[in-house]
2 protein chains.
Amino acid sequence: MNLKELATKLGLSPTTVSRALNGYPEVNEATRERVMAAAKRHNYRPNTRAIRLATGRALAIGHVIPLATRHEIVNPIFADFIAGAGETYSRNGYDMILSVVPDDAEEQAYRDLKSRGTADGVILHAPRMNDPRIPLLHEIGIPFLVHGRATGTELPYPWVDVNNRRAFQRATEFLLDLGHTRIGLVNGLEFMDFAIRRRTGYVDALAARGISPDPRLMSSDEMTEVSGYRAASAMLDSASPTAFLVASMISGMGVRRAIEERGLKMGRDVSVIIHDDDLSYLKNGGDVPIFTATRSSVRDAGRIAAEMLLGIIANPGEAPDHRLLEAELIIGQSTGPAPRPDTTSGATPQTTPVKVQ
Amino acid sequence: MNLKELATKLGLSPTTVSRALNGYPEVNEATRERVMAAAKRHNYRPNTRAIRLATGRALAIGHVIPLATRHEIVNPIFADFIAGAGETYSRNGYDMILSVVPDDAEEQAYRDLKSRGTADGVILHAPRMNDPRIPLLHEIGIPFLVHGRATGTELPYPWVDVNNRRAFQRATEFLLDLGHTRIGLVNGLEFMDFAIRRRTGYVDALAARGISPDPRLMSSDEMTEVSGYRAASAMLDSASPTAFLVASMISGMGVRRAIEERGLKMGRDVSVIIHDDDLSYLKNGGDVPIFTATRSSVRDAGRIAAEMLLGIIANPGEAPDHRLLEAELIIGQSTGPAPRPDTTSGATPQTTPVKVQ
DNA sequence: AATCAAACCCAAACCGCTTTGGATGCGACA
DNA sequence: TGTCGCATCCAAAGCGGTTTGGGTTTGATT
């Protein structure tokens with residue numbers, strides 16, 4: 001059933017039927033109701049392909065996913081973000097299109113999205129420092145929104161991000177307040193912007209207490225279970241940390257494995273704080289979370305990002321907006337006071353007491 | 001730059017330019033080359049919206065994701081499947097569209113995909129027993145392919161699936177051969193088809209050795225870390241298993257936590273075999289896998305599924321094809337001989353020796 | 001009674017491509 | 001020389017909507 005058939009059946013012109021269905025004012029209310037009823041009765045759905053061509057809009061948002069030969073963006077965080085964003089798109093009549101391409105074809109993928117008219121806007125994932133994709137999207141002239149930020153980028157651009165620096169700063173302070181001074185940082189890859197910011201938060205918090213960071217206590221790698229395990233193992237074997245600050249739930253599991261493998265107990269012998277993206281299938285425990293964590297729902301971030309992008313598309317020409325989400329600090333079972341130093345191994349460095357926030 | 005402009009610039013009709021670019025025979029080779037060159041030079045990309053309308057094809061495949069209020073399909077397995085499928089789509093000039101909808105809107109989502117002409121076909125995820133979506137898709141009349149199978153469905157339908165029954169049967173036999181007789185099954189939700197098949201494999205293998213399954217050693221829940229932990233804890237505390245068969249890497253981590261929390265060592269005191277979907281960011285260790293596992297790449301499954309579906313769309317009317325993928329049994333560090341039974345606790349049931357496959 | 005503005009509705013153009021149904025020109029064949 | 005077939009190319013008709021630019025009525029205004 002298409003517009004023309006429906007119009008014929010109603011004894012009206014396609015024009016009127018179209019207007020009636022789309023809520024234009026120049027149609028009699030009685031007529032409109034008649035049209036609406038007929039449309040429902042015949043289960044009429046306008047053909048999206050025709051609407052797209054006629055209006056010149058794609059009614060779709062693109063997400064380009066470089067099929068990383070090296071590093072994976074197709075990760076659990078991405079899945080939850082997508083779920084949040086997709087929900088918003090559906091509610092607004094937009095389609096979500098995912099473009100999975102080899103990473104050397106990413107630029108072309110963006111260009112095609114624009115020149116072939118497949119998407120009205122795109123969301124940029126996993127920005128890096130000085131990310132070249134931001135100037136690229138500007139040049140292409142397609143509305144976009146960044147999930148995260150790109151340190152070093154001059155051009156203004158709209159974004160939504162978690163306050164990663166602050167989250168890790170708070171987490172570090174929390175550990176310091178518990179008496180920990182040898183805190184290992186198991187970070188994500190530090191060409192990723194969020195990882196840089198997290199390290200900054202960690203370093204700043206240490207510096208505020210007069211502690212200079214120990215390079216042996218700082219690692220940076222992909223956020224997998226195995227690399228969490230490796231990093232923590234190396235630190236435990238060489239630099240005697242009493243606490244860890246970990247980039248994700250998954251690497252946190254590796255860290256826990258390293259700890260327990262050494263006969264230590266997490267939360268008693270070694271404290272751990274992770275960043276928790278609040279993934280739906282990787283919940284951090286129930287009433288009492290397993291891990292103490294800085295928590296921020298990436299699914300909510302997806303929802304917000306989608307809403308912002310649709311806003312940009314609806315009102316072009318406005319100044320780039322942005323949104324900084326704060327992470328909660330959730331207290332779980334994985335943190336506790338720093339263990340009493342071994343009396344044979346000298347005194348621990350003293351820290352100024354500061355109230356727990 | 002559109003077709004008409006390009007044609008004018010070349011002094012040709014749109015018809016000829018279109019044919020030249022699409023490889024039709026009725027155009028002079030010299031002309032074709034001239035057209036191709038000009039198209040490249042002016043960076044001409046045909047407008048997808050127009051192609052779609054003109055050809056009546058959507059050039060897109062839909063994936064409907066019910067935004068589970070209860071159970072999550074937006075899970076890591078899904079993400080990797082999507083990556084595999086998306087790769088194939090891109091290579092073939094298809095778009096992948098994801099429809100994230102509340103789960104009571106799933107049926108309508110499929111209907112709309114068809115009636116609005118948004119997708120040429122769909123992939124059905126996470127089939128359940130007697131899944132109503134299969135008759136639905138038949139009725140709607142949209143080409144589709146099922147990732148998994150639906151026990152109890154009469155209608156023929158194309159699918160790609162892992163041989164879950166066999167995988168779990170082999171894994172169980174492997175444990176039996178190591179002398180384990182009290183094997184806990186930490187299964188996925190058993191209205192999911194794959195979970196049913198896995199249980200069947202487990203039960204069959206036990207039965208073949210004359211062991212009747214102990215209900216206390218069988219659990220079924222979502223495949224999260226926490227539920228793996230809960231299930232394993234309960235079994236360890238009440239039914240003294242010496243081995244576990246676990247539905248996923250993630251729940252396996254919970255099982256491991258339960259084991260280690262009790263001061264037991266995985267691989268020595270308690271053996272564990274998981275099913276490993278070979279997720280890119282959740283690799284099961286390196287040279288020596290952490291977990292002994294039945295492994296089958298869900299990403300490959302995505303690729304295969306996409307190829308099959310595109311084939312169905314290209315050659316409609318053929319009988320439904322299918323593909324059964326066998327899982328490998330990977331030996332890792334998490335399995336070992338059953339511990340000598342406590343001499344005070346009586347004899348263990350004797351099993352017939354059978355060669356390890 | 002003539003005028004005019006709403007209120008309603010419609011015919012036709014248009015979006016940018018594909019495809020049908022010819023034209024045209026030219027060498028070959030009878 | 002007339003006809004035919006083949007190689008090339010083009011005009012125009014879709015595809016299924018939206019939107020522009022009028023037409024008709026109708027009721028109020030002067």
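Small disclaimer: the values here were computed from a predicted structure and weren't measured. Residue numbers begin at 1 in each chain, while the letters A, B, ... track the order of the sequences.
- Here the side chain of B/Asp103 pairs no donor or acceptor atom with the backbone of B/Pro66 at under 3.5 angstrom.
- For the ring pair (Phe, Tyr, Trp, His ring centres under 6.0 Å) test, residues two or more places apart in sequence or in another chain that qualify with B/Phe81 are B/His125, B/His147.
- Looking at residues two or more places apart in sequence or on another chain, you find a ring pair (Phe, Tyr, Trp, His ring centres under 6.0 Å) between A/Tyr89 and A/His63.
- Using a 4.0 Å cutoff on non-hydrogen atoms, the parts of residues 24-47 of chain A near DNA chain D are A/Tyr24, A/Tyr44, A/Pro46, A/Asn47, ordered by number.
- The residue from A/Leu136, A/Ile134, A/Val64 that alone fulfils the side-chain contact (heavy atoms from CB on, under 4.5 Å) condition with A/Leu124 is A/Ile134.
- With a cutoff of under 4.0 Å to any heavy atom of chain B, the contacted region of DNA chain C is bounded 5' to 3' by C/dG16 to C/dG21.
- When rounded to the nearest whole Å, the span between CG of A/Leu59 and P of D/dG17 equals 14 Å.
- Rounding to the nearest 0.5 Å places OG1 of B/Thr15 at 12.0 Å from OH of B/Tyr24.
- Within residues 14-23 of chain B, the residues that have a heavy atom under 4.0 Å from DNA chain D are, in order of number, B/Thr15, B/Thr16, B/Arg19.
- Of the possible polar contacts, none joining the A/Thr151 side chain to the A/Asp193 backbone as a donor-acceptor pair under 3.5 Å is found.
- Counting non-hydrogen atoms under 4.0 angstrom, A/Ile51 reaches the backbone sugars and phosphates but no base.
- Checking side-chain atoms of A/Asn47 against main-chain N and O of A/Arg49 turns up a donor-acceptor pair under 3.5 Å.
- Counting to the nearest Å, the C1' atom of D/dG17 and the CZ atom of B/Arg49 are 13 Å from each other.
- The pair B/Asp95-A/Arg116 does not count as a salt bridge, with every side-chain nitrogen at least 4.0 angstrom from each carboxylate oxygen.
- Enclosure of atom CZ in B/Arg45 by more than 12 non-hydrogen atoms of other residues, nucleotides or ligands within 6.0 angstrom is indicated.
- Residues satisfying the side-chain hydrogen bond (donor to acceptor under 3.5 Å, both in side chains) criterion with A/Glu106, sequence neighbours excluded, are A/Arg133.
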